[in-house]
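Have a look at the structure below before the remarks.
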Amino acid sequence: MNSISIEQTVADRVAEALLRHEVEFLFAQSLPSALVLAAEERGIRQIAYRQENMGGAMADGYARLSGRVGVVAAQNGPAATLLVPPLAEALKASIPVVALVQEVDRDQADKNAFQELDHIGLFQACTKWVRRVHVEDQIEHYIEAAFTAATSGRPGPVALLLPADLLRARIKPQQGLRRTSLGRYPLDRCRPSDEVIKRAARWIAEAKRPVVLAGGGVHGASASFELSRLQELASLPVCTTNMGKGAVSEFHPLSLGVLGSLTGPRSLGTYTRPFLENADLVILVGTRTNQNGTDNWSQIPPSARLLHIDIDPTEIGRNYEATRLAGDARETVEALCDALENEDLASRHTVRADLERQIADCWAQFEEARQPVAHCDRGPIRPERVMSELQPWLHRDLTVVADASYSSMWVVGQLRAPRAGSRFVTPRGLAGLGWGVPLAIGAKLAEPDRPVVAVVGDGGFAHSWAELETMVRLGVPVVIIVLNNGILGFQRDAETVKFGRFTSACHFAPVDHAALAAACGCRSARIDDPAQLSSTIAAAIEANEPFLIEVMTDPDAHPALSIFAAMDQAA
């Protein structure tokens, strides 16, 4: 029987709309129950998290790797409030997430019903769009609008509020069958005019010292191939922000790696920073020019011309006056490459050999500077040594996910992307602690055939211990590497630099994370000898099951951030 010709509940209709939008997972803790039951009947798999904020981050991680919208659901009241942090991260990071939030029954509104809250007010600051559905027959319209808002323009999170009685209500047979899927992003791809593109191409051809700064928008637009073509065609040095890491191969002879705030002693940025600071033309691609991506807005020279490519027109000119190339990164860079084919690039090619020599020298100096810590055989284990043991796995298509704070910095500053489009998933939109594990779960669900390793600190992991049970229960084979140094490292070090002392919250009581994992039925190992790292990482990845590796790391180790440069130089 044709399901659209019989009477259904609103929950049925929502579930069928989700199927049409290619939703395969619903990150939900069985609420709203009517919707989850309807979705499971249709083959949409429920990923039941332990904490609502972790569910939002799982949907985020899934969206980043799959190219599809992540869908999370939650109960009204306390559960809804816990969606705020992951939705705020998705908003800043431009990740499309649809949050389906249950409301109290419509006839109970504004009567102090159990767990009633002003959800519209709650979500306005952390989503692109928030609406409440009041009328059953409008449900299709609102689902379409939610997915359109999430995937169009600059992608981001939206919230759709669904009263519990509305979901249970019967709805008239559907009169017009909708067929369009809106579940992938970006929904629309636009680019600047030919005139603007030609002017930008001419500037690139004429520039003496052009540099590309690529951000996370390159990954969001799936523009790595096009950016690599631009790099090769015009002999352009390319550096990236933290979120842009992997936009181009970091083994390309014109790749400068991640810059941003990673410019302290023993960093690659120590040697590559002058390329950006001395540029006469800076091509910004998919970056918000935020504080971390520019090291406190200090690296882009005021004398340089700027070309700024971004899907969000309000980001262009926010911090730096630039020629506006408002549009999708893939379409715009491709058009720019086509225009450059008609330009005289002889001067760019003439300087290429010297550029490659200078950049190779930067990498060589970086490798020499980090050699003592990246290959240190003593304990406590240096995080750089952990990264050096992970590096070979990147050539086997490993996806690395990191928590915020130092975990992200170790990953983006020490690993080297082997190919354009390599993914390093880091919560840098707001950079809140605790997102590493749930992002990794979402990433693994998005690409089940690729190994996923989550690198987290002991401080951040404390936010998400409970999701070990989720991994085991659902059979999600993520490898978690816990860098256990017994402290909140960044807090201690930043407070020391700023105030000469640090607060009592920085140190933890000893925790056996391997035992925690074992208690949840997750395989685990605890390592305090660097010689055990290689074999244990290999065994964990090849096991293809949930696995936790606790690495007892040096509490005095910190990434080569500019904020610590003076302290490190004086040491």
Side-chain angles (χ1 to χ4, degrees), residues 211-216 218-219 224-225 227-228 231-232 236-273 275-276 293 355-376 382-402 406-426 428 443 450-455 479 481 483 530 533-534 537-538 541 557 559-561:
V211 173
V212 173
L213 176 59
V218 175
H219 291 301
S224 289
F225 173 82
L227 183 60
S228 297
Q231 180 183 36
E232 184 67 26
L236 291 172
V238 176
C239 58
T240 75
T241 65
N242 299 320
M243 293 183 68
K245 185 177 180 67
V248 294
S249 168
E250 290 178 331
F251 285 90
H252 189 285
L254 291 173
S255 290
L256 302 169
V258 174
L259 198 54
S261 58
L262 284 165
T263 59
R266 284 206 301 261
S267 71
L268 176 64
T270 300
Y271 311 104
T272 58
R273 180 172 183 157
F275 282 90
L276 184 56
L355 279 173
E356 290 184 357
R357 181 191 57 76
Q358 293 178 51
I359 293 171
D361 188 51
C362 290
W363 282 98
Q365 291 181 79
F366 170 54
E367 292 294 348
E368 182 180 0
R370 69 172 174 170
Q371 178 76 16
V373 288
H375 300 281
C376 181
R382 292 284 306 197
E384 298 94 332
R385 175 66 188 270
V386 180
M387 297 303 108
S388 71
E389 299 294 352
L390 278 178
Q391 180 66 43
W393 289 93
L394 294 178
H395 298 276
R396 298 173 64 173
D397 219 19
L398 175 71
T399 294
V400 181
V401 181
Y406 279 176
S407 298
S408 292
M409 296 297 99
W410 292 126
V411 164
V412 301
Q414 295 295 318
L415 295 177
R416 191 170 182 180
R419 60 178 178 82
S422 298
R423 294 310 302 267
F424 301 85
V425 181
T426 57
R428 304 306 302 178
R450 295 180 64 180
V452 174
V453 169
V455 177
V479 175
I481 297 178
L483 304 178
L533 280 169
S534 179
I537 288 172
I541 294 175
L561 297 171

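Count residues from 1 along the sequence. All values reported here derive from a predicted model rather than from experimental measurement.
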Going by heavy atoms in the side chains, are [X] and [Y] under 4.5 Å from each other?
X	Y	answer
His219	Arg423	yes
Asp361	Tyr271	no
Gln231	Ser255	yes
Leu390	Ile481	yes
Pro383	Tyr406	no
Leu268	Leu262	no
Leu236	Leu254	no
Val412	Met243	no

Per the side chain to side chain contact (heavy atoms under 4.5 Å, CB included) rule, which among Val258, Leu394, Val455 passes with Phe424?
Leu394
Sole residue of Thr272, Val248, Val211 in side chain to side chain contact (heavy atoms under 4.5 Å, CB included) with Cys239
Val211
Of all the heavy-atom pairs spanning [X] and [Y], show the shortest one and how long it is.
X	Y	result
Ala560	Arg266	CB-C, 4.3 Å
Arg419	Asp397	NH2-OD1, 3.0 Å
Pro451	Leu398	O-CD1, 3.4 Å
Ser261	Met409	OG-SD, 4.5 Å
Leu213	Gly293	CD2-O, 4.3 Å
Leu256	Pro237	CD1-CB, 3.8 Å

Measure from the side-chain N and O atoms of [X] to the backbone N and O of [Y], and report whether any donor-acceptor pair falls under 3.5 Å.
X	Y	value
Ser249	Ala420	no
Lys245	Thr426	no
Arg428	Thr241	no

Atom [atom1] of [X] and atom [atom2] of [Y]: how far apart are they, to the nearest 0.5 Å?
X	Y	atom1	atom2	answer
Glu389	Gln391	CD	CD	11.0 Å
Cys362	Arg273	SG	CZ	13.5 Å
Thr263	Leu276	OG1	CG	11.5 Å

Start with the C-alpha gap between Val453 and Trp393, add the side-chain angles, then the distance that decides, and say whether side chain to side chain contact (heavy atoms under 4.5 Å, CB included) holds.
CA-CA 10 Å; Val453 169; Trp393 289 93; over 6 Å; no
From CA spacing to verdict: side chain to side chain contact (heavy atoms under 4.5 Å, CB included), Leu533, Val386
CA-CA 7 Å; Leu533 280 169; Val386 180; 4.2 Å; yes
With sequence neighbours excluded, tell me which residues meet ring-ring contact (aromatic ring centres under 6.0 Å, His included) with Phe251.
His395
Mind checking side chain to side chain donor-acceptor pair (under 3.5 Å) for Ser267 and listing every partner two or more places apart, or none if nothing turns up?
Thr270
Got a sec, which residues hit salt bridge (Lys or Arg N to Asp or Glu O under 4.0 Å) with Arg416, two or more places apart in sequence or on another chain?
none
Using side-chain hydrogen bond (donor to acceptor under 3.5 Å, both in side chains) as the criterion, point out the one residue from Gln365, His375, Gln414, Glu384 that pairs with Arg370.
Gln414
